[in-house]
Amino acid sequence: RRCPHVGRIAFNSDTRSLVQDSAGTAKLEGQGTAQPQLGNELSSHFTYQCALDARTGRVLALRLVD
């Protein structure tokens, strides 16, 4: 269980990047923080990578890294 009972997720806009390739797929990458509901545990930092259909905005793939 990576983050049970997450109370808040914050995405860092300074690390976010969006790039679109010629095939119509966009790649969104960045970093974020997950804070537990209980408040007595430390926040968990993560990196995310999303592949998106640039035409529809549909998420094609998602990867989270601790």
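In this structure, the separation between SG on C50 and CG on L64 is 7.5 Å, given to the nearest 0.5 Å. A distance of 11.5 Å separates OG of S13 from CD of Q31, quoted to the nearest 0.5 Å.
Applying the salt bridge (charged side-chain N to carboxylate O under 4.0 Å, His left out) test to pairs two or more places apart or on separate chains, none has a residue in residues 44-64.
Residues passing the side-chain hydrogen bond (donor to acceptor under 3.5 Å, both in side chains) test with T33 are H45, sequence neighbours excluded.
Both V59 and L18 belong to a single network of hydrophobic side chains, linked directly or stepwise wherever heavy atoms of I, L, V, M, F, W or Y lie under 4.5 Å apart.
Between F46 and I9, the closest side-chain pair of non-hydrogen atoms falls below 4.5 Å.
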Name each donor-acceptor pair under 3.5 Å that joins a side chain in residues 19-29 to protein atoms two or more places apart or in another chain, with its distance.
unit_1 : atom_1 : unit_2 : atom_2 : d
D21    : OD1    : A23    : N      : 3.1
D21    : OD1    : G24    : N      : 3.2
D21    : OD1    : T25    : N      : 3.0

